[in-house]
There are 2 protein chains.
Amino acid sequence: MKFIDEENIDFGIMLSKNGLSQTSFRKKLIKLFHLSNSSLSIDEVINGLHNNVDKATVYRALNAFEENGLIHKVPDKDNLLRYALCQKECSPTKHSHNHAHLLCDKCNSTYCLNDFKIPIENNYNGFIVSNSKIILEGRCVDCQ
Amino acid sequence: MKFIDEENIDFGIMLSKNGLSQTSFRKKLIKLFHLSNSSLSIDEVINGLHNNVDKATVYRALNAFEENGLIHKVPDKDNLLRYALCQKECSPTKHSHNHAHLLCDKCNSTYCLNDFKIPIENNYNGFIVSNSKIILEGRCVDCQ
DNA sequence: GTATAATTGCAAATGATTTGCGTTTTTATT
DNA sequence: AATAAAAACGCAAATCATTTGCAATTATAC
Ligand SMILES: [Mn+2]
Ligand SMILES: [Mn+2]
Ligand SMILES: [Zn+2]
Ligand SMILES: [Zn+2]
């Protein structure tokens with residue numbers, strides 16, 4: 001549980017600002033992400049919502065959120081997708097995910113590392129590097 | 001095409017050394033990896049072999065190769081699996097893939113970077129880091 | 001409020017990867 | 001070299017995550 005004052009965040013307006021219509025489901029979905037301090041898998045999303053939602057609807061919403069700069073994807077150790085809130089670096093028009101992720105190989109928690117700077121050279125032996133995916137696998141504090 | 005003297009490599013013996021039986025298909029498969037200087041997708045493997053092989057057989061062989069330290073998996077930009085020869089750091093008993101990969105987002109070529117050293121701390125704010133997956137995306141020399 | 005556009009739910013489709021199983025090929029033993 | 005045990009093969013069917021079609025519902029724009 002994150003220490004955000006959820007009362008003060010209008011998730012409907014947040015959706016509108018990012019070009020998404022505000023439906024009750026999508027408001028609950030974006031709120032769920034804001035209440036979690038880690039990434040979520042599809043099943044965790046569905047379990048996190050009381051009412052039963054269709055999986056296809058969830059996938060469509062997650063993809064819409066991603067295309068509009070609200071969340072981003074992180075692959076877990078089995079290459080399955082997890083979803084995490086975008087950090088400050090992202091906007092509806094531009095996604096930038098050059099930050100690293102910590103991934104617990106036991107419970108699959110994921111944490112975005114905003115302060116971890118990677119020494120990427122733009123040009124690596126003629127190869128032009130434009131983006132990086134960096135995943136540090138190991139054990140989170142709870143799983144050691 | 002890599003500059004290896006393929007005449008001097010006995011791929012059958014290589015398989016045996018790694019606990020795999022030498023079948024004509026598996027000998028061709030390991031040779032194909034040695035002739036390529038990049039990673040291969042399933043379809044590239046199948047196209048790289050004249051005779052028609054069953055996909056299930058290829059998957060089984062690739063998994064067997066991986067479990068025995070001959071190749072390792074690298075996810076492409078769509079999270080599909082590609083396969084690349086293991087570097088010196090690997091043995092039949094231990095896999096170590098803390099090296100970074102260059103991944104061309106146009107042609108999907110992948111290159112292992114043995115000399116790229118990442119500043120990983122063993123312990124990152126209480127999170128114990130035991131492995132890292134680092135993918136640098138961009139454009140290879142041919143695709144710019 | 002009415003028209004237009006986006007979202008939902010349910011079922012069916014996809015696409016990558018795996019599995020079951022009977023047959024064939026390899027490996028280990030005599 | 002013959003033979004038994006183990007591993008690999010080929011083909012079809014199964015799995016599993018994710019996507020798609022479509023008709024019904026809900027939201028946005030005028
Ligand atoms: Mn992140
Ligand atoms: Mn590699
Ligand atoms: Zn954990
Ligand atoms: Zn390329």
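Proteins come first, then strands; the chains are lettered A, B, ... in the order of their sequence lines, and each starts at number 1.
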For this session: Let me know the distance between CG of L81(B) and C1' of dA17(D), rounded to the nearest Å.
Result: 13 Å
Exercise. Rounded to the nearest Å, what distance is computed from the NZ atom of residue K28(B) to the P atom of nucleotide dC9(D)?
Worked result: 11 Å
Exercise. Which part of the nucleic acid, if any, lies within contact of R26(A), taking any heavy atom under 4.0 Å across all strands shown: a base, the sugar-phosphate backbone alone, or nothing?
Worked result: sugar-phosphate
Exercise. Closer to the 5' end of DNA chain D via nearest nucleotide, is it A56(B) or F25(B)?
Worked result: F25(B)
Exercise. Does a salt bridge link E137(B) with K133(A), judged by any charged N lying under 4.0 Å from a carboxylate O?
Worked result: yes
Exercise. If you check the D54(B) side chain, which of dC9(D), dA17(D), dC11(D) turns out closest?
Worked result: dC11(D)
For this session: In whole angstrom, give the distance that lies between atom CG of D78(A) and atom C1' of dT15(D).
Result: 15 Å
Exercise. Is there a donor-acceptor pair closer than 3.5 Å between any side-chain N or O of H72(B) and the backbone N or O of A84(B)?
Worked result: yes
For this session: Begin with the C-alpha distance, continue with both residues' side-chain angles, and end with the deciding distance and a verdict on side-chain contact (heavy atoms from CB on, under 4.5 Å) for I42(B) and V58(B).
Result: CA-CA 8 Å; I42(B) 284 280; V58(B) 178; 4.1 Å; yes
For this session: Please check the phosphate of dT19(D) (OP1 and OP2 only) for any side-chain N or O of Y59(A) closer than 4.0 Å.
Result: no
Exercise. Any side-chain heavy atom of I134(B) sitting closer than 4.5 Å to one from L136(B)?
Worked result: yes
Exercise. Can the ring centroids of H34(B) and F11(B) be said to lie less than 6.0 angstrom from one another?
Worked result: yes
For this session: Between N79(B) and S16(B), just flag the one whose closest nucleotide in DNA chain C comes earlier from the 5' side.
Result: N79(B)
Problem set entry | N or O in side chain of T23(B) less than 4.0 angstrom from dA7(D) OP1/OP2 | no
Problem set entry | Within 6.0 Å of NZ in K73(B), more than 12 heavy atoms from elsewhere | yes
For this session: Please state how far atom CG in L80(A) lies from atom P in dT15(D), giving the value in whole angstrom units.
Result: 18 Å
Exercise. Do N123(B) side-chain atoms and I128(B) backbone N/O form a donor-acceptor pair below 3.5 Å?
Worked result: no
Seminar exercise, completed: Nearest-nucleotide check on DNA chain C, Q22(B) vs V53(A); residue mapping nearer the 5' end is V53(A)
Problem set entry | Presence of S21(B) side-chain N/O under 4.0 Å of dA8(D) phosphate oxygens OP1/OP2 | yes
Problem set entry | Rounded interatomic separation in angstrom, taking NZ from K55(B) and P from dA13(D) | 17 Å
Seminar exercise, completed: In whole angstroms, the gap separating P of dT25(D) from CZ of R60(A) amounts to 16 Å
Exercise. First contact, last contact: which nucleotides of DNA chain C are these for chain B, 5' to 3', heavy-atom distance under 4.0 Å?
Worked result: dA16(C) to dT27(C)
Problem set entry | Touch class at under 4.0 angstrom, heavy-atom based, for T57(B) against every strand present | base
